[in-house]
Amino acid sequence: MAQRLPPGQYSTLDFPVLSAEPTPALPHQSWRLTIQSSDHRAYSLDWSAFRDLPHQDVITDIHCVTRWSKFDTRWRGVPFDDLLAVLPWPPDAYVMAHCYGGYTTNVPLADLTDGKAWLADTFDGEPLAPEHGGPVRLLVPHLYFWKSAKWVRRLRFMPADTPGFWEERGYHIYGDPWREQRYS
Ligand SMILES: Nc1nc2c(c(=O)[nH]1)N[C@H]1C(S)=C(S)[C@@H](COP(=O)(O)O)O[C@H]1N2
Ligand SMILES: [Mo]
């Protein structure tokens, strides 16, 4: 199974917490997810609208740029495709994920569609813990885990790729672990 571990990574059973900001308190009644088009149209979901979207179980490996990988992590969440399906307008080619707390990260739309990404609200059968991004985080497991934005608040479509928080600080604009795209 050597090919299961991307170059320069080691496998761990731990689930380290890596956050650039303090864990925000996000009660369900005040939580919102807003999708924003590049021409400033907005579509918001409250908790009950989000909960009513189709959910899917996911078992996947995750890879952090700090070199830990964790195999067979068990999530449940809304496939990004099902979120796109409820949007009243067409998406743009790039997405900036904005988080409660201010963190941002950029991902091309093509890396979020066709079953490649989820808005996860469950880990190991339990509501996603606040320190791991609960109530909802982005899960984009084929890219380094910094792209999996915790406490996601707003998904802003953009016509061009623009660096987010870590990407502005030297992390790779794309972040493919199999090509070791750690830093730019
Ligand atoms: N909002 C937010 N999301 C974030 C981060 C962060 O600092 N803030 N860190 C990223 C990084 S670098 C990693 S490795 C993972 C860590 O997720 P975990 O704490 O659940 O292991 O979250 C990513 N998403
Ligand atoms: Mo990370």
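By convention here, the first residue in the shown sequence is residue 1. Every number for a ligand or one of its atoms is a count from 1 in the order of the listing.
When only non-hydrogen protein atoms are considered, atom 20 (O) of ligand 1 lies nearest to His132 ND1, 2.6 Å. Shortest contact from atom 14 (S) of ligand 1 to any protein heavy atom: Cys64 SG, 3.2 Å. With respect to atom 3 (N) of ligand 1, the closest heavy atom belonging to the protein is Lys150 N, 2.9 Å. At the shortest separation from atom 12 (S) of ligand 1 among protein heavy atoms lies Trp146 CB, 3.4 Å. Remark: minimum distance from atom 9 (N) of ligand 1 to any protein heavy atom is reached at Leu18 O, 3.2 Å.
Between Arg74 and Asp72 no salt bridge is recorded (no basic side-chain N to carboxylate O distance below 4.0 Å).
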- Task: Before giving the answer on side chain to side chain donor-acceptor pair (under 3.5 Å), spell out for Arg137 and His132 the whole-Å C-alpha distance, their side-chain angles and the decisive distance to 0.1 Å.
- Result: CA-CA 8 Å; Arg137 79 180 296 165; His132 286 297; 4.6 Å; no
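The nearest pair of heavy atoms linking Pro79 to Pro54 is CD-O, 3.4 Å. Shown here for Leu143 and Val107, the closest heavy-atom pair between the two residues is CD1-CG1, 4.1 Å. Closest heavy-atom contact between Leu138 and Ala97: CD2-CB, 4.1 Å. Among all heavy-atom pairs drawn from Thr105 and Ala149, the shortest one is CG2-CB, 4.0 Å. Closest heavy-atom contact between Gln9 and Cys64: NE2-O, 3.0 Å.
Residue contacts with ligand 1 for Phe15 involve side-chain atoms from C-beta outward but no N, CA, C or O (heavy atoms, distance under 4.0 Å). Under 4.0 angstrom from ligand 1, the non-hydrogen atoms of Phe145 come from both its backbone and its side chain. When non-hydrogen atoms are compared, ligand 1 lies under 4.0 Å from the side chain of Arg137 (C-beta onward) but not from its backbone.
Atoms of ligand 1 found under 4.0 Å from any heavy atom of Pro16, numbered from 1 in the order shown, are 18 (P), 19 (O), 21 (O). Taking every heavy atom of Ser148 and a limit of under 4.0 angstrom, the matching atoms of ligand 1 come to 22 (O), 23 (C), 24 (N). Below 4.0 Å from some heavy atom of Cys99 lie the following atoms of ligand 1, by number and element: 1 (N). Within ligand 1, counting atoms from 1 as listed, the ones closer than 4.0 Å to a heavy atom of Ala20 are 6 (C), 7 (O). Atoms of ligand 1 found under 4.0 Å from any heavy atom of Glu21 (numbered from 1 in listed order, with element): 1 (N), 2 (C), 6 (C), 7 (O), 8 (N). Residue-ligand proximity, Val17 to ligand 1, at heavy-atom distances under 4.0 Å covers atoms 19 (O).
Taking any N or O of Tyr100, backbone or side chain, none lies under 3.5 Å from an N or O belonging to ligand 1.
Aromatic rings of Tyr171 and Tyr183 (six-membered ring for Trp) have centroids within the 6.0 Å cut-off, being under it.
Clustering ILVMFWY residues whenever any of their side-chain heavy atoms sit less than 4.5 angstrom apart, transitively, puts Phe71 in a cluster other than the one holding Val58.
Between the side chains of Ser11 and Ser69, no donor N or O sits under 3.5 Å from an acceptor N or O.
Heavy atoms of Ser19 come nearer than 4.0 angstrom to ligand 1 in at least one pair. Ligand 1 lies nowhere less than 4.0 angstrom from a heavy atom belonging to Gly101.
One distance of note links CZ of Phe50 with CG of Leu33; it measures 7.0 Å at 0.5 Å rounding.
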